[in-house]
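Residues take their numbers from the sequence shown, with the count starting at 1. Just so it is clear, the values below take in all heavy atoms, side chains as well, and ignore hydrogens, waters and symmetry mates.
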Amino acid sequence: MNGFAKPFSAACAALLTLGLAGGAEAQEQYTLRFNHVLGPGEPFHEGFLKWAERVDERTDGGLTIEVFHSAQLGVEEDIIEQIRQGANIGQNTDAARLGNYVPGIAVVNGPYFVSSAEEAYALADSPTMQDWQQELAEQHGLKVVCFDWVQGFRHFFTNEPIRTPEDLDGLRIRTPPAPIWQESIRALGAEPTAMNFGDVYPGLQQRAIDGAELVYPNITAANLNEVLSHANETGHILLVNFQVVSSQWFDSLPEDYQTALVEECRTAGQETSEVIRQASEEAKAQLAESGMTIIEDVDLEAFRQAGEKAYEALGLVEAKNKVQQEIGAQ
């Protein structure tokens, strides 16, 4: 027995070492610091917290999402650049900003592109959209986790009634700083003015802008009805939000963590989209009760026709038609 005691002990020690190493690897933890510009009272924030909770449960704490509201980690454009460099940061963004890297994907943010949440969810099955996402990941370091977060129809909020594109003539309307957004608002008749969401309230107070185009819950959450008197129901953009992370960071995750991150993103997104739909109705009623004038007799056909100029200006007519055909949009 003495002849093989030492080799046996050495073998046991080696197996024990491998076991401990394997255990350490299995217990490796990952953290995603997720940033968004909306306030803690917004439905999206609650939705992101649910996404984080479910991912934590599915990965037994191996993947943690820390959610930061009100742009606590920084402004959106700066965060996206950090993501591209491989940081473990996520951002709620939109196709307009992603179009700065892959121009075609910006069509999702164009005027009257999709008319329902169901059409927005169908975008995931569009071959063209899949190609654009692959290009974002491989060439620009941006991994789209999902885009099932539909923030509702955007309307023009001003201090005068808007019923036709001509009524917007000369008005400075706040928009995010992205070409499709700028061209969309310009095509619809207004003068686009790039401004961060957090600057909208003081911008209106200081008359740097004449209005904004947002969803109803944005107005109530940020108390913008204190500086805006009219809600004009143009419904010009059904805002589809994209959750992006670093493709480099995403690829470093275990495969089951990747699956959990994506699947729970879609589930929480679609649930939150329904909450948003209900919240929009409630916010509209609340604003009307507080004295805001709701303009419902808008010439939508005139706005739709005007919106086509945005796609023409950016050379996106073909891309728009192709994706709409793939998802069966009207």
Side-chain angles (χ1 to χ4, degrees), residues 94-97 99 103-116 119-120 150-195 197 199-200 203-204 207-219 224-225 227-240 280 283-284 287-288 292-321 323-324 329-330:
D94 55 68
R97 289 180 175 84
I105 205 169
V107 297
V108 178
N109 217 122
Y112 305 102
F113 178 69
V114 288
S115 59
S116 68
E119 286 185 355
V150 180
Q151 204 172 352
F153 286 102
R154 293 175 79 89
H155 309 293
F156 287 104
F157 293 87
T158 59
N159 284 307
E160 58 187 82
I162 304 297
R163 291 183 172 87
T164 68
E166 289 73 24
D167 293 335
L168 285 169
D169 186 35
L171 294 187
R172 294 161 299 176
I173 301 295
R174 175 268 175 184
T175 67
I180 185 66
W181 221 307
Q182 301 274 302
E183 289 300 332
S184 294
I185 302 311
R186 184 176 290 113
L188 294 174
E191 179 183 333
T193 302
M195 182 179 289
F197 179 72
D199 296 328
V200 172
L204 288 162
R207 299 181 184 272
I209 52 176
D210 301 304
E213 47 89 41
L214 296 164
V215 296
Y216 274 118
N218 288 158
I219 305 302
L224 293 177
N225 54 301
V227 285
L228 291 166
S229 62
H230 285 67
N232 310 283
E233 294 196 324
T234 50
H236 52 278
I237 293 173
L238 181 59
L239 183 57
V240 179
S280 293
K284 176 182 175 179
L287 290 167
M292 178 171 274
T293 301
I294 311 295
I295 304 297
E296 296 179 330
D297 58 332
V298 173
D299 189 345
L300 291 180
E301 186 55 35
F303 274 104
R304 286 193 185 94
Q305 291 180 9
E308 290 296 315
K309 291 182 290 187
Y311 299 107
E312 294 169 4
L314 294 170
L316 293 174
V317 174
E318 183 179 350
K320 166 185 172 287
N321 292 339
V323 175
Q324 286 184 330
Q330 309 231 337

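Side-chain atoms of R97 and P176, non-hydrogen and from C-beta on, do get closer than 4.5 Å to each other. Contact check for V107 versus I180: no side-chain heavy atoms found under the 4.5 Å cut-off. When side chains are defined from C-beta on, E119 counts as touching S116, because their heavy atoms get closer than 4.5 Å. Side-chain contact between I209 and V200 is present, with heavy atoms from C-beta onward closer than 4.5 Å. For the pair E233/I295, no side-chain contact is recorded, criterion being any heavy-atom separation below 4.5 Å from C-beta on. Side-chain contact between F303 and P165 is present, with at least one heavy-atom pair separated by less than 4.5 Å. Here the side chains of I237 and N109 are in contact, with some heavy-atom distance below 4.5 Å. Considering only heavy atoms from C-beta on, E308 comes within 4.5 Å of K320 through its side chain.
No hydrogens or angles considered: a donor-acceptor pair under 3.5 Å links the side chains of T158 and N232. For the residue pair D299/T164, the side-chain donor-acceptor check at 3.5 Å is not satisfied. For the 3.5 Å distance criterion, the side chains of H155 and E213 fail to qualify, holding no donor opposite an acceptor.
Between F156 and H236, the ring centre distance stays below 6.0 Å.
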Practice task
Using the salt bridge (Lys or Arg N to Asp or Glu O under 4.0 Å) rule, take K309 and E183 through it: C-alpha gap first, then chi angles, then the decisive distance, then the call.
Solution key: CA-CA 8 Å; K309 291 182 290 187; E183 289 300 332; over 6 Å; no
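Ring pair Y216/F157 is perpendicular by interplanar angle, where above 60° counts as perpendicular and below 30° as parallel.
For the residue pair L188 and L168, the shortest heavy atom distance occurs at O-CD1, 3.4 Å.
Although no hydrogens or angles enter the test, the distance criterion places a donor-acceptor pair under 3.5 Å between the side chain of D167 and the main chain of R163.
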